[in-house]
Amino acid sequence: MKLTNKSGLPDVLVKAIKNDNYTKGESDFSVTELLQPPRLRALKTRHFHEIEEDAEDKLYSLYGQLVHLLIERAAHEGEIAEKRFFAKFGNGVTVSAQVDSLSITSGVLTDWKFVTAWKFKGGRAADELWTAQLNMQLEILRQNGHDAKAIQIVGLIRDFSKPEARRNESYPQSPVVVAPIEMWEREKTQEFINERIKMHTASALSLPECSKEDRWATDDTYALMKKGQKRAVKLFTDKAEAEAAAQNLAQHFVEFREGEPKRCAMYCPVNKFCKQYQSTLKGADDDQNSGTVA
Ligand code: SF4
């Protein structure tokens with residue numbers, strides 16, 4: 001993986017990103033890897049030495065690592081903090097999980113996230129993958145002789161706005177949100193882990209497609225517009241409904257807005273090598289989708 005510095009970030013930050021000593025230890029998969037889309041992970045493995053990532057795109061991940069330093073600093077007796085655990089699944093596949101903190105005294109397993117406010121609309125954790133992640137961690141802990149009575153996410157809201165909190169009740173009311181996470185039956189978690197292992201193992205041989213959720217794709221919409229105004233009066237997902245609304249109003253018309261696979265376009269490190277994404281780009285042709293594009 002090559003790290004670029006297109007925006008000329010200070011050297012200290014670039015070095016800090018470069019010197020990340022993350023390792024999944026002696027495991028076949030980490031929990032984080034299993035939760036990635038299999039196509040993305042397989043392409044990452046295939047093109048590891050060709051992938052370019054820019055330092056600017058790694059900043060939030062770097063800031064997130066600061067949180068883990070704080071957890072280590074606050075660690076105390078009766079707590080397991082910042083430790084990697086290993087467990088075997090299926091046909092002897094080893095999966096590892098990095099645990100942020102397990103309080104032995106209160107029996108609460110906590111994962112910390114440094115995220116935007118929209119991830120906690122209404123005070124609840126909006127990301128379903130977090131539920132899977134925490135339950136997978138718990139299963140691995142159980143196989144190591146530990147247990148928890150509750151699991152939770154502590155969200156540190158990196159873009160918290162006090163005025164917005166005042167205006168909007170469903171916005172996080174504090175820059176720190178503690179959100180309980182649903183605990184799955186053990187059987188469900190074990191099945192989930194085994195299924196993810198199967199998907200990732202198979203993807204090494206034959207690339208699956210990423211789903212709409214994997215691609216963070218938004219829906220196509222039809223915007224009801226008023227002549228002379230830039231902002232939509234209303235957004236519709238149904239074209240006929242939008243056109244009917246426009247017909248009933250003078251000076252109104254419908255504008256088509258194509259949905260966007262946000263992860264593919266802005267956040268996926270392998271988008272350059274991915275035929276599924278490249279083929280959706282305007283002007284994509286056969287040449288573009290040949291060679292190392294898979
Ligand atoms: S570019 Fe999109 S479709 Fe391709 S691997 Fe990345 S997320 Fe999946």
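Just so we're clear, the structure is a prediction, and the values are computed from it rather than from any experiment. Just follow the structure's listing: the first ligand is 1, and inside any ligand the first atom is 1. Worth knowing before you read on, the calculation uses all heavy atoms, side chains too, and leaves out hydrogens, waters and symmetry mates.
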Quick one: closest heavy-atom pair of Ser30 and Ser27, and the distance?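 So the minimum-distance heavy-atom pair works out to N-OG, 4.4 Å.
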Ignoring waters, how many N, O or S atoms from the protein are under 2.8 Å from atom 4 (Fe) of ligand 1?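 Count of protein N, O, S atoms less than 2.8 Å from atom 4 (Fe) of ligand 1: 1.
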Quick one: does any side-chain atom of [X] pair with a main-chain N or O of [Y] as donor and acceptor, under 3.5 Å?
{"X": "Tyr171", "Y": "Arg166", "result": "no"}
{"X": "Gln152", "Y": "Leu109", "result": "no"}
{"X": "Asp159", "Y": "Ala117", "result": "yes"}

Exercise: do Gln65 and His68 side chains pair donor with acceptor under 3.5 Å: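 His68 and Gln65 do not have a side-chain donor-acceptor pair below 3.5 Å.
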Got a sec, which pairs hit ring pair (Phe, Tyr, Trp, His ring centres under 6.0 Å) with one end in residues 239-267, sequence neighbours left out?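 Passing the test, one end in residues 239-267: Trp216-Tyr267, Tyr222-Phe256.
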Could you list which atoms of ligand 1 come closer than 4.0 Å to a heavy atom of Arg263?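 Contacts of ligand 1 toward Arg263, numbered from 1: 7 (S).
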